[in-house]
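Here is the structure we will look at, set down as structure tokens.
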Amino acid sequence: MEKLRLRFAPSPTGALHIGGVRTALYNYLLAKKHGGAFILRIEDTDQARFVPGAEAYIKEALEWFGLVPDEGPGYGGDHGPYRQSERKEQYRKYTTQLIESGRAYYAFDTPEELAAQREKEPNFKYDGRVRMQMKNSLTLSGEEVERALSEGVSYVIRLKAPENETVNFQDIVRGQVAFDSNELDDKVLLKADGMPTYHMANVVDDYLMEITHVIRGEEWLSSTAHHVLLYRSLGWESQMPAFAHLPLILRPDGKGKLSKRDGARFGFPVFPLAWKGKTEEDSFTGFREYGFLPDAAINFLALLGWNPGTEQELFSLDELVEAFSVERINKSGTRFDIDKAKWFNQQYIIKADAGDLLEKVRPIIAAHGYEPGDDFLLGFIGLMQERAITLDDFWENGYFFFEKPREYDTKVIQKRWDPERKGLFDELADQLDTLENYTADQIKAQTEAFINDKGLKFGEVLPMLRLGAAGTMKGPAIFEMMELLGKEETSRRLRQAFAFFDQIKLESN
RNA sequence: GGCCCGUUCGUCUAGGGGUUAGGACGCCAGAUUUUCAUUCUGGUAACACGGGUUCGAUUCCCGUACGGGCUACCA
């Protein structure tokens, strides 16, 4: 089998949507599974929608996920250039070829005229039924066409869709798909500004770049018939790539495909990284900023529309490469389930080595003004990683490791604090202060001895220590927590807390 | 409207002419942890509908319904 070549071909019109990431992922997986090439191609043929910075964003996002292209702008490769805006001569060359072979024609209808036409006739389609009523090189005399061209009259080049043919192709995901060529419109191939449309550019580039498989979203299924026609008309049918159209990622409520606005609407990210647009409306947070690990996000995305046929759920990128097969991609649309994504992230945080999490957690803590040493941070991560779903949870659920509790769970105080026993608790604090080695084991032994000595119960003492040190009943093992906090800090917190508990209790009486 | 695609628990899905229709997330309950989380155990819950074909259809075929996509000089 010849070497596989797959491309991910986003348009630099803004942040890369999460559905695009999944498309990139599947392309990457199939390429890597067979030792092929994963190519990034920038489809910047729409000058009006071009957004500076979008290409850089796309690359950064792919790299964050570990989906590094083998070829592409800035990545090298001998099939470049990889930006369509830099390949204009190629498209012109082949559209001219199509004109010469009678498969395409010049059209001089202005956008205004077409808009007016659609106004009159909402279902207007520029196709075989109407093309002879329009202003184009099929209806104008050769002389008129020549003159228009030489005078610089604005024109587009359109594909001349054939009559009474069935255009069918094999889709790896959907099997055979067929279209009646009479239903196909005369798509614009080359725009008035000299840029190709997606249809033309994608076919020419896939051919020239020797792409073997096109994996893209289902929104392209309908226009694939045009692409097949183009391959045929250009004489490239034997080199036509295999197609696989992916099911769309749908909104959580199932109403339509997931769009960029849905992130704000449903309260979760739909982009890999944060994007700063021109307006607040056009700015978004990303999976990274939301506290997701890239491997977890990839794992989640991989299973959105594909499954390995086994019951394995957790896959590293390498394992995905190994297990992937296009044949097991699903047909039906898939809703975006943030709860499942969070579960994956939690699993990845739990199974990570504390050391691997160090550099991911450090900036989150630093953002709140704390710069603990590695030992402390490592200890903290070890204690908290089973209690974090996102990276942000390390701070949200464990801030009290860095500063004293901001508040105390007063319900628990009301229920369990007995002012009569304040002296006892102070005495325990005194005893703990005498410990030489302030380790979890020692603290525990000392506390147990104290409890036995005073005839108390664990349930009467431990919750108060926890509350005093952390302010909340939620958290890691109390003695380990105290060890990490250290003798001095713990002691200070406990004494202040016990006094405060008394105060709360008194005020309420 | 037209064309194309789809439809198994709430969600992601496995399966496939004869199964107690399996797993995962979520949810609920219990165990463990004198907290929380983790972990473990159990529970809840599905083949859109109508016709065929067949001894037998959730599975195959045809309709219908519903959902989605496309229908630009956007990708």
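Residue numbers begin at 1 in each chain, while the letters A, B, ... track the order of the sequences.
Nearest nucleotide to the side chain of A:Lys257, out of B:rG6, B:rC70, B:rC36: B:rC70. Of the listed nucleotides (B:rU38, B:rG68, B:rC5), B:rC5 has the atom at the smallest distance from the side chain of A:Leu221. The nucleotide whose nearest atom lies closest to any side-chain atom of A:Lys187 is, among B:rG6, B:rC73, B:rU71, B:rU71. Taking only side-chain atoms of A:Ser222, from C-beta outward, the nucleotide of B:rC70, B:rU38, B:rG6 with the closest atom is B:rC70. Considering only the side chain of A:Glu386, B:rA37 comes nearest among B:rA37, B:rC74, B:rC3. Set against B:rU38, B:rU13, B:rU71, the side chain of A:Lys125 has B:rU71 as its closest nucleotide. Of all nucleotides listed (B:rC12, B:rG6, B:rC73), B:rG6 comes nearest to the side chain of A:Ser332. Between B:rA14, B:rG6, B:rA75, one nucleotide has an atom nearer to the side chain of A:Asn307 than all others, and that is B:rA14. When the nucleotides B:rC12, B:rG6, B:rU38 are ranked by their closest atom to the side chain of A:Lys331, B:rG6 comes out on top. Taking the side chain of A:Glu218 as heavy atoms from C-beta on, and the options B:rG68, B:rA75, B:rU38, the nearest nucleotide is B:rG68.
The aromatic ring centroids of A:Trp275 and A:Tyr57 lie less than 6.0 Å from each other. Aromatic ring centres of A:Phe287 and A:Phe268 lie farther apart than the 6.0 Å criterion allows. Aromatic rings from A:Phe243 and A:Trp220 are positioned such that their centres are separated by 6.0 Å or more. Taking the six-membered ring for Trp and the full ring otherwise, A:Phe425 and A:Trp417 have centroids separated by under 6.0 Å. Residues A:Phe336 and A:Phe300 bring their aromatic ring centres within 6.0 Å.
A:Asn123 has no side-chain polar atom (N or O) that falls below the 4.0 Å cut-off from OP1 or OP2 of B:rG1. Phosphate proximity of B:rU13 to A:Thr334: present, with a side-chain N or O under 4.0 Å from OP1 or OP2. OP1 or OP2 of B:rC74 lies within a sub-4.0 Å distance of a side-chain N or O belonging to A:Lys191. At the phosphate of B:rA72, OP1 or OP2 sits under 4.0 Å from a side-chain N or O atom of A:Arg118. A sub-4.0 Å separation between OP1 or OP2 of B:rU38 and a side-chain N or O of A:Arg387 is absent. Within the structure, a side-chain polar atom (N or O) of A:Gln346 is placed less than 4.0 Å from OP1 or OP2 of B:rU38. Between A:Thr45 and B:rA75 there is a side-chain polar atom (N or O) within less than 4.0 angstrom of OP1 or OP2. The side chain of A:Arg41 contributes no N or O atom lying less than 4.0 Å from OP1 or OP2 of B:rA75. Contact check, A:Asn330 against B:rA14: a side-chain N or O comes under 4.0 Å of OP1 or OP2.
Across all strands shown, B:rA29 forms a Watson-Crick or G-U wobble pair with B:rU41, both key distances being under 3.5 Å. Checking B:rG6 for Watson-Crick or G-U wobble geometry (two distances, each under 3.5 Å) identifies B:rC66 as its partner. Checking B:rA72 for Watson-Crick or G-U wobble geometry (two distances, each under 3.5 Å) identifies no partner in any strand.
Atom name P, nucleotides B:rC9 and B:rA45: the rounded distance is 14 Å, in whole Å. On the C1' atoms, B:rU11 is 24 Å away from B:rU41, given to the nearest whole Å. Across B:rA21 and B:rC40, the matching P atoms stand 26 Å from one another, rounded to whole Å. The C1' atoms of B:rC62 and B:rG43 are separated by 40 Å, rounded to the nearest whole Å. Taking atom P in both B:rC28 and B:rU38, the straight-line distance is 13 Å, to the nearest Å.
A cation-pi arrangement is not found for A:Lys404 relative to A:Phe400, the charged atom failing to lie both closer than 6.0 Å to the ring centre and inside a 45° cone about the ring normal. A cation-pi arrangement is present between A:Arg406 and A:Tyr399 under the rule of less than 6.0 angstrom and at most 45 degrees off the ring axis.
Heavy atoms of A:Ala9 sit nowhere under 4.0 angstrom from any nucleic acid atom. Heavy atoms of A:Arg328 sit under 4.0 angstrom from primed sugar atoms or phosphate atoms, though from no base atom. Note on A:Val188: only backbone sugar-phosphate atoms sit closer than 4.0 angstrom, heavy atoms only; bases stay farther off. Residue-level contact check: A:Gly309 touches neither bases nor backbone, having no heavy atom under 4.0 Å from any strand. If you check every strand for non-hydrogen atoms under 4.0 Å, A:Pro463 touches nothing. Within 4.0 Å of A:Gly217, counting heavy atoms only, lies no atom of the nucleic acid at all. Residue contacts shown for A:Phe179 are limited to sugar-phosphate atoms, with no base heavy atom under 4.0 Å away. Heavy atoms of A:Pro247 sit nowhere under 4.0 angstrom from any nucleic acid atom. Backbone-only contact: A:Pro196 has heavy atoms under 4.0 Å from sugar-phosphate atoms and none from a base.
Rounding to whole angstrom units, CG of residue A:Leu250 and C1' of B:rC66 are separated by 13 Å. The CG atom of A:Asp193 sits 13 Å away from the C1' atom of B:rA72 (whole-angstrom rounding). Taking atom OH of residue A:Tyr105 and atom P of nucleotide B:rC73, one finds them 11 Å apart after rounding to whole Å.
Between A:Pro252 and A:Phe124, the one whose closest nucleotide on RNA chain B sits nearer the 5' end is A:Pro252. Annotation: of the two residues near RNA chain B, A:Trp343 and A:Val177, the 5′-most nearest-nucleotide partner is A:Val177.
Between the side chain of A:Arg335 and the base of B:rU11, no donor-acceptor pair under 3.5 Å is found. A donor-acceptor contact under 3.5 Å links the side chain of A:Arg49 to the base of B:rC74. Scanning atom types as modelled, one donor and one acceptor separated by under 3.5 angstrom connect the side chain of A:Lys340 and the base of B:rA24.
For A:Arg22 against A:Leu246, the heavy-atom pair with the smallest separation is NH2-CB, 3.7 Å.
Side-chain contact between A:Tyr105 and A:Arg131: present, with at least one pair of heavy atoms (C-beta onward) separated by less than 4.5 Å.
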